[in-house]
Amino acid sequence: DTGVSQNPRHKITKRGQNVTFRCDPISEHNRLYWYRQTLGQGPEFLTYFQNEAQLEKSRLLSDRFSAERPKGSFSTLEIQRTEQGDSAMYLCASSSPAGGSYNEQFFGPGTRLTVL
Amino acid sequence: DQQVKQNSPSLSVQEGRISILNCDYTNSMFDYFLWYKKYPAEGPTFLISISSIKDKNEDGRFTVFLNKSAKHLSLHIVPSQPGDSAVYFCAASPQGGKLIFGQGTELSVKP
């Protein structure tokens with residue numbers, strides 16, 4: 001399977017703990033995106049990378065959130081001092097400039113975070 | 001500030017009939033639009049897209065229409081099948097980079 005993979009699929013943590021999620025994009029895709037989705041809403045953009053460079057961060061990405069893509073391949077999203085409001089599905093997507101456009105993004109299955 | 005809106009949270013259609021899902025946007029800088037389908041506990045799956053230089057794109061049973069003057073797009077599914085039952089999201093891209101999603105429309109196709 002050469003799709004986007006995310007680990008873990010589910011994470012339950014206590015308020016105040018730190019959590020880290022991993023995303024492995026489709027191998028030839030050089031752009032990688034993080035989104036967050038809460039119940040009844042569409043995915044909301046958090047940040048994206050082109051290779052190892054972080055090109056844009058949303059206002060949603062507070063100081064407690066940090067994302068890295070150190071070698072331009074997999075990426076990690078860390079949330080420090082988790083709060084109950086961080087409970088959501090965290091989605092990763094990747095894209096390549098096939099056909100001259102990065103527009104079509106392919107999503108992984110997501111990591112469901114529950115903060116107790 | 002909801003730049004992409006799907007005003008119908010749900011839609012129910014009989015198998016074999018046409019499903020029409022609608023989406024409105026506010027930002028005229030959006031130049032690419034996409035539809036994604038999502039099943040529970042899975043990530044969104046890309047379905048079909050359209051560039052702002054076109055007004056129609058077709059792929060099998062799926063057709064997307066874009067009306068730039070009205071800032072409106074729609075997804076037509078003909079004929080609808082029970083396996084099409086899912087949540088459908090429209091998304092817009094402001095010249096590459098991030099996607100901005102609507103709230104989703106849950107489609108139920110009844111046999």
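Chain letters run A, B, ... following the sequence lines, proteins first, then strands; residues in each count from 1. These numbers were taken from a predicted model, which means no experiment stands behind them.
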Task: Matching residue for A:Y48 among A:Y33, A:W34, A:Y35 - test: ring pair (Phe, Tyr, Trp, His ring centres under 6.0 Å) - done: A:Y33
TODO: Using non-hydrogen atoms and a 4.5 Å limit, figure out which bit of B:L99 sits close to chain A: side chain, backbone, both or neither.
DONE: both
Task: Side chain, backbone, both or neither of A:E56 within contact of chain B (heavy atoms, under 4.5 Å) - done: side chain
Task: Sub-4.5 Å side-chain heavy-atom contact between A:S96 and A:I26 - done: no
Task: Which portion of B:A91 sits near chain A, non-hydrogen atoms under 4.5 angstrom - done: neither
TODO: Can you label the angle between the B:Y36 ring and the A:F107 ring as parallel, tilted or perpendicular, going by 30° and 60°?
DONE: perpendicular
- [ ] Just give me the residue among A:R112, A:E104, A:Q6 that pairs up with chain B most often, heavy atom to heavy atom, under 4.5 Å.
- [x] A:E104
Open item on the list: Return the CD to OG distance between B:Q14 and B:S80, rounded to the nearest 0.5 Å.
Closed with: 10.0 Å
